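In what follows, a structure is listed as C-alpha cells, so that the remarks can point back to it.
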Amino acid sequence: MNTIQQRKEIIASAAARAHRQVSEEAPVKDAARLQQPLTDRLRGLSSPKLVSLEEAIRRSGLKDGMTISFHHHFRSGDKVINLVVAKLAEMGFKNLHLAASSLIDVHEPLIEHIRQGVITKISTSGLRGELGRAISHGLMDEPVTFRSHGTRGAAIASGELHIDVAFLGASSSDPYGNASGVSRSASAKSICGSIGYALPDARYADHVIVLTDDLVAFPNHPASISEAQVESVVEVESVGDSTKIASGAIRETKNPRDILLAQQAARVITCSGYFVDGFSIQTGSGGASLAAVKYLREEMLKQNIKASFALGGITAHMVKMHEEGLIERLIDVQSFDMVAAASLRDDPAHQEVSANEYAAANESGSATHLLDIVILSALEVDTQFNVNVLVGSDGVIRGAIGGHPDTAADAALSIIVCPLLRGRIPCVVDEVTTLVTPGASVDVVVTEYGIAVNPSRPELSERLQAAGLKLVDIHDLAARARRTVGEATPLSFGDKVVGLVLDRAGRVLDVVRNIEE
C-alpha cells in the first residue's frame, strides 16, 4: 500500500471513531420540555432559573455574615427589600450585611429584623423615616456606612464593597433573567424606568437573583440586566408601587418660596457665563431644584439655547424639553416619574446608565465629569459652604447623600438652593451638623434673602453682580437666621458612632453620633 493510501485510511478510521464517540456522548433532547405546549416552550417556562424565592436563596449559597444588596428605584413604593428580608428571617439567617443603594420610609419593617439580629450591618446612601430615627437613637451596634451613589458604584467595582447575593427587583424579566425597569407587555404592573443603581450589583455580585411581577416571553428586549449575569428568576406578586416613585423629596412643588428659589437659581444660571449653546445640566431632588428647570426652559426658548444633555434623575419636565428639542439627550440613572420611565422605554436618545457611568470618581467617562451645571438642595449650608443633606437639625438621620457630592465636585457650576429657615430651623448655619459635601465643591448658595457666592469664584461674583442679582455674604445670611430664631440649643449627642460618612475616595469624611434620649 502506498503512503498516500495509508494516510487516507488512517484519516477515515479516525473520523469514524470520532463520529461514533460524539454520537454516543451527545446529550439526549429533553423529552419533558419538548412535550410542553408550544406556548410554554416559547415563553421559556421550562427555564431552570425560574424558581421560588426560597429555592433561589438556597441555590445562592447565602450564609450568615454575608452581604446582600438591593436597589431603591421604586423609592417609597419598593416592596422587594421587605419581602426578601422577611423570607431570610423566616429561613433563620443571621448577621447579614444589607447593602442597599438607599433606604426609604417604607423600609420601617427592617427595624425588627435588626433587633432580631437578621441584619447587623448596613451600607447605603441614605435613611429616612422611622428606620433613620431608630438608627439615630443607637439601634445598631455597628455604624451605618454612607456612600454617595458614585462612590457606591466604584466600591462595588473595586471589591471594597463585596456583594455575595444581589436581589434586584425588575419591572419585567423573561425566565432566563433578561431584566429591565420598563416593559412593553400589556400585563406590566410596576414600572420604575432606569435601574442604573442596580447595574453595578448585577455586574459584580457573586450571585444575582432577579425578582419580577411581569414575567414576559423570551427574549425580553431591550434588557438592562443580561441573562448571563443572573442565576435565578423569581416571579412575585408585586415588586413595587409605581405611583409612589414621585413622592417625598421629588414631588413637584407648589410652595411659593420654593418657586421663588427656583426662579432665582434659573437667573444665576442664565447670568453665570455657563448658559451657552451645548451646556449640560442636572437637578437634584428637592422641590426648588427640580422646579428650576421650568424657568430655565423659558430662557432657553427666548435665547434659542439648547442643552447637549440632562443628567441624573430624569423628570417629566426634562422629557418635555427634550421632546421640544431643547435638550439633545437624556442620561438617566434614575427615573423620577412615569413620564420619564415611558420616555426611556420609547426614545433611543434617552439613555440608561449605571451608577459608575453616572458618577464614579475613578471612571474617566462618567457623565458628571462632563457636567456644566448642577442645582442641588440642602438641609444645611454653613459659612464655609459645606453642605449637609443627611442629618436633620435635630440630629436624626432623615436624608440621603445620593449624587450630591459627586455632582457638586465635578460640575463647572454647582448651585445649592435652600431657604434661610424651615419653620423655626435655620438652614444657613455657622457649622453643619454633618459634613456631606465639602464647601470647596460648592459655588453658589441661593436663598430667598440673597445669593452667596463662594469667595473662591470671584469671576462668578462679577458676572452675577453685573447682571443685577442681589449678592450677600454667607456670614450675613447665617447672622440673619440667628437674629430671626435666636441662638440654637446645642444638640445632645452621645458617644456612640451610628454612621460613617465616606468621601468620594472612600475615606471617612465625618461621623454621625447617636441622639441621647
Side-chain angles (χ1 to χ4, degrees), residues 102-103 122-128 132 135-136 143-152 154-155 249 284-286 289 359 361 368 374-411 414-420 422 425-447 452-457 474-475 477-478 481-482 488 490-515:
S102 199
L103 293 167
I122 291 177
S123 295
T124 187
S125 168
L127 295 168
R128 290 187 172 90
I135 288 174
S136 299
V144 174
T145 299
F146 292 98
R147 293 180 176 88
S148 70
H149 288 322
T151 306
R152 179 182 186 270
S285 61
S289 58
T368 55
V374 65
I375 314 169
L376 300 165
S377 59
L379 291 174
E380 295 176 326
V381 182
D382 69 22
T383 54
Q384 299 303 307
F385 289 81
N386 298 312
V387 181
N388 165 32
V389 291
L390 184 64
V391 178
S393 59
D394 56 358
V396 174
I397 302 168
R398 59 175 72 255
I401 295 176
H404 202 287
D406 302 318
T407 52
D410 284 349
S414 58
I415 302 169
I416 306 297
V417 289
C418 68
L420 187 69
R422 286 189 178 92
I425 300 171
C427 298
V428 183
V429 296
D430 291 324
E431 184 178 1
V432 292
T433 304
T434 303
L435 175 58
V436 170
T437 299
S441 299
V442 175
D443 299 311
V444 181
V445 174
V446 175
T447 75
V453 180
N454 194 317
S456 67
R457 300 297 306 271
I474 198 163
H475 294 85
L477 289 173
R482 282 197 304 275
L491 291 171
S492 180
F493 285 110
D495 296 327
K496 182 178 182 179
V497 175
V498 298
L500 301 174
V501 179
L502 304 190
D503 67 11
R504 297 186 80 201
R507 301 168 300 206
V508 176
L509 181 66
D510 203 352
V511 300
V512 182
R513 298 189 184 277
N514 71 300
I515 291 292

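We use all heavy atoms of the structure for the numbers below, so side chains are in, but hydrogens, waters and symmetry mates are not. Small disclaimer: the values here were computed from a predicted structure and weren't measured.
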With a 3.5 Å distance limit and no angle check, can you tell me whether Ser414 reaches the backbone of Ser441 through a side-chain donor-acceptor pair? yes
Taking Asp410 for the side chain and Ala359 for the main chain, is one N or O donor matched with an acceptor at less than 3.5 Å? no
Report the C-alpha distance between Ile415 and Val374 in whole Å, list the side-chain angles of each, state the deciding distance to 0.1 Å, and finish with yes or no for side chain to side chain contact (heavy atoms under 4.5 Å, CB included). CA-CA 6 Å; Ile415 302 169; Val374 65; over 6 Å; no
Donor-acceptor contact present, side-chain Thr151 to main-chain Arg147, <3.5 Å: no
Measure across Ala378 and Ile416 and return the closest heavy-atom pair with its distance rounded to 0.1 Å. CB-CG2, 3.6 Å
Using only atom types and a distance under 3.5 Å, with no angle test, would you say the side chain of Asn454 pairs donor to acceptor with the backbone of Val442? yes
Nearest-0.5 Å distance that lies between atom CG in Asp382 and atom CD1 in Ile474: 7.0 Å
Taking atom OG of Ser125 and atom CZ of Arg152, what is their separation to the nearest 0.5 Å? 9.0 Å
Partner of Val436 under side chain to side chain contact (heavy atoms under 4.5 Å, CB included), picked from Leu509, Asp503, Ile401, is Ile401
To the nearest 0.5 Å, atom CG of Leu379 lies from atom OG1 of Thr434 at 9.5 Å
Side chain to side chain contact (heavy atoms under 4.5 Å, CB included) test vs Phe385 passes for just one of Val432, Val444, Val445, namely Val445
Side-chain H-bond candidate by donor/acceptor type, Thr383 with Asp430, under 3.5 Å: no
Spacing of CG belonging to Leu390 relative to CG belonging to Leu435, to within rounding of 0.5 Å: 11.0 Å
In the structure I gave you, are the side-chain heavy atoms of Leu477 and Leu420 within less than 4.5 Å of one another anywhere? yes
Output the distance between atom CD (Glu380) and atom CG (Asn388), rounded to the nearest 0.5 Å. 4.5 Å
Between Thr368 and Asp406, do the side chains contain a donor N or O and an acceptor N or O under 3.5 Å apart? no
Would you indicate whether the side-chain heavy atoms of Val417 and Ile375 approach each other to under 4.5 Å? yes
Are Leu376 and Val387 close enough that some pair of their side-chain heavy atoms sits under 4.5 Å apart? no
Are Asn514 and Phe493 close enough that some pair of their side-chain heavy atoms sits under 4.5 Å apart? no
Least distance between heavy atoms, Arg504 atom then Pro405 atom: CD-O, 3.8 Å
Taking all non-hydrogen atoms of both residues into account, name the closest pair between Pro143 and Val497 and its distance. CB-O, 3.5 Å
Hey, does Phe146 have a side-chain heavy atom less than 4.5 Å from the side chain of Thr124? yes
For the atom pair CD (Glu431) and CG (Asn386), what is the distance rounded to the nearest 0.5 Å? 8.5 Å
I need the single residue from Leu127, Ile397, Asp510 that forms a side chain to side chain contact (heavy atoms under 4.5 Å, CB included) with Val391. Which is it? Ile397
Nearest non-hydrogen partners of Cys427 and Pro419, listed with the distance: CB-O, 3.0 Å
I'd like to check the ring-ring contact (aromatic ring centres under 6.0 Å, His included) partners of His404; sequence neighbours left out, ordered by chain and number. none
Pairs where residues 386-397 contributes a residue and the test salt bridge (charged side-chain N to carboxylate O under 4.0 Å, His left out) is met, not counting sequence neighbours: Asp394-Arg398
